[in-house]
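In what follows, a single structure is set out as structure tokens and then discussed.
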Amino acid sequence: MTILQLRYIVKIVECGSMNEASHELYVSQPALSSSVKELENELGIEIFTRHSQGIALTVDGAEFLTYARQVLDQADLLEERYKHAKPRKQLCTVSTQHYMFAVEAFVEMINSIKSDEYEFTIRETRTRDIINQTANMQSDLGIIYLSDFNKDVIGKLLREKHLAFHPLFRAPLHVFLARTNPLAAKKKITMEDLKPYPFIQYEQGEEGSFYFYEEAVWPDYSPKQINVTDRATILNFIIGLNGYTVCTGIDNGDLNNEKIVTVPLESDETMLVGWITNERAKLSAAAETYLSKLKSVVADHGYNLID
């Protein structure tokens, strides 16, 4: 086993394909494939599963990746100490449901990093993608919620993928509305009040079921329903179409003061928001910083953190 082979494995995971990794490594694809196969034979494990759509880490491969990254971190420390090489770029990747507070914390994390070089990624994406990306170590951590409705199904999937859920805070349900909506002045809203208005929700794809919805509750029947994939679109539809969506109630203050308000929803359901991590992985320093900023942002919005 060589350091070079470990770098090959990490690069393949980062690129998501053998072909793209070979281009970035300036190595022919046959040579790269052969090197990976030699390593698998030496260790007696299968690191990647190969299929027509590309490659994916096996369970053994995910565990091996954790150790490989630790070895490479130590090798880079040696180089920095004795070759005076530049430090490695700080890296952090977060996958999250569409939460403004998650982005706010990401901005604060970047502003606090004292580094000449960094590469950070935040993905606002579907619930199942968040779980898969964290399980495959494409993301350091993911941000999702659990409710009485989805906790058994989501919890089972997390256990199967060796992911741990860490509760952050519990939020009563709120509704995002345009400031011009007649319901915006109410102290509390019922689902019955919302019947005349378009219900807007985040699309979860063909594999998504009710258990993966980002909205903790939804109308039994909505004659007007719009599915979207990004937060900017949902906010524009709330304003332009007088629609609504269900959320935690944490919003961006500037946005709230301008065109959108959050109003409490009459419901016994709550959202237990938290972050998920791979049980086999150790968080990077940047990811730890992000978590610290995330807790600070949530507390600043008036929510009690769960210890």
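As the structure is a prediction and not an experimental result, all values here were calculated from the model.
Separating the OG atom in Ser267 from the NE2 atom in His174 is a distance of 11.5 Å, to the nearest 0.5 Å. With rounding to the nearest 0.5 angstrom, the CG atom of Leu65 is 10.0 Å from the CG atom of Leu6. A distance of 8.0 Å separates OG in Ser95 from CD in Gln138, rounded to the nearest 0.5 Å. Interatomic distance, Lys11 NZ to Leu4 CG, rounded to the nearest 0.5 Å: 12.5 Å. One finds the CD atom of Gln29 at 4.5 Å from the CG atom of Asn19 (value rounded to the nearest 0.5 Å). Thr289 OG1 to Phe106 CZ: the interatomic distance, rounded to the nearest 0.5 Å, is 11.5 Å.
Remark: of the listed residues Ile130, Thr248, Val273, Ile130 is the sole one forming a side-chain contact (heavy atoms from CB on, under 4.5 Å) with Gln97. Each of Ile110, Thr93, Val94 was compared with Phe120 under the side-chain contact (heavy atoms from CB on, under 4.5 Å) criterion, and only Ile110 meets it.
Ring orientation note: the planes of Tyr213 and Phe210 are nearly perpendicular, at an angle over 60° on the 30°/60° scale. Between Phe149 and Tyr211, the ring planes are parallel. Angles under 30° get that label, and only those over 60° would be called perpendicular. Taking the six-membered ring for Trp and thresholds of 30 and 60 degrees, Tyr202 and His98 have nearly parallel ring planes, at less than 30 degrees apart.
Within the 4.5 Å cutoff, the side chain of Ile306 has no heavy atoms near those of the Leu168 side chain. Side-chain contact check for Met271 versus Arg170: every heavy-atom pair is 4.5 Å or farther apart. Within the 4.5 Å cutoff, the side chain of Asp230 has no heavy atoms near those of the Glu124 side chain.
Closest approach of Val261 to Ala178, counting heavy atoms only: CG2-O, 4.4 Å. Smallest separation of non-hydrogen atoms from Tyr303 and Ala171: CE2-CB, 3.8 Å.
Summarising the local packing, CG of Asn304 is surrounded by 12 or fewer heavy atoms from other residues, nucleotides or ligands at distances under 6.0 Å. The environment of CD in Glu192 is sparse: at most 12 heavy-atom neighbours from other residues, nucleotides or ligands sit within 6.0 Å. More than 12 heavy-atom neighbours from other residues, nucleotides or ligands sit within 6.0 angstrom of CG on Asn41.
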Audit row: Thr262, Val175, side chain to side chain contact (heavy atoms under 4.5 Å, CB included) steps and yes/no: CA-CA 5 Å; Thr262 57; Val175 178; over 6 Å; no
Step by step, would you call His162 with Glu63 a side chain to side chain donor-acceptor pair (under 3.5 Å)? CA-CA 11 Å; His162 303 285; Glu63 185 176 14; over 6 Å; no
Run the side chain to side chain contact (heavy atoms under 4.5 Å, CB included) check on Glu214 and Gln204 step by step: do they pass? CA-CA 9 Å; Glu214 284 197 36; Gln204 293 295 326; 3.7 Å; yes
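Side chain of Asn181 to main chain of Leu177: no donor-acceptor pair is present (N/O by atom type, distance under 3.5 Å, no hydrogens or angles). Remark: side-chain polar atoms of Asp193 are paired, donor with acceptor, to backbone N or O of Thr190 under 3.5 angstrom. A distance-only check finds no donor-acceptor pair linking the side chain of Asn278 to the backbone of Leu163 [under 3.5 Å]. Looking at Thr245, its side chain does come within 3.5 Å of a backbone N or O of Ile200 through a donor-acceptor pair. A donor-acceptor pair is defined here as one N or O able to donate and one able to accept, closer than 3.5 Å; such a pair exists between the side chain of Arg50 and the backbone of Phe48. Judged purely by atom type and a 3.5 angstrom limit, Tyr8 has no side-chain atom pairing as donor or acceptor with the backbone of Ser33. At least one donor-acceptor pair under 3.5 Å links the side chain of Glu40 to the backbone N or O of Ile47. Side-chain atoms of Ser112 come within 3.5 Å of backbone atoms of Met109 as a donor-acceptor pair (strictly under, hydrogens ignored).
With 3.5 Å as the limit, one finds no donor-acceptor pair spanning the side chains of Thr66 and Arg280. Residues Gln225 and Gln201 bring a donor and an acceptor atom of their side chains to less than 3.5 Å of each other. Thr96 and Arg123 share no side-chain donor-acceptor pair at under 3.5 Å. Remark: the Thr277 side chain and the His166 side chain contain an N/O donor-acceptor pair separated by less than 3.5 Å. Neither side chain, Asn236 nor Thr233, offers a donor N or O lying under 3.5 Å from an acceptor on the other.
With salt bridges taken as basic N to acidic carboxylate O contacts below 4.0 Å, one links Arg126 and Glu203. Look at Arg7 and Asp76 and you find a salt bridge, because one of the NZ, NE, NH1 or NH2 atoms lies within 4.0 Å of a carboxylate O, short of that distance.
For Tyr67 and Phe64, the ring centers sit 6.0 Å or farther from each other. In this structure, Tyr244 has its ring center no closer than 6.0 Å to that of Phe176.
Two different hydrophobic clusters hold Val59 and Leu39 under the rule that ILVMFWY side chains link at heavy-atom gaps under 4.5 Å.
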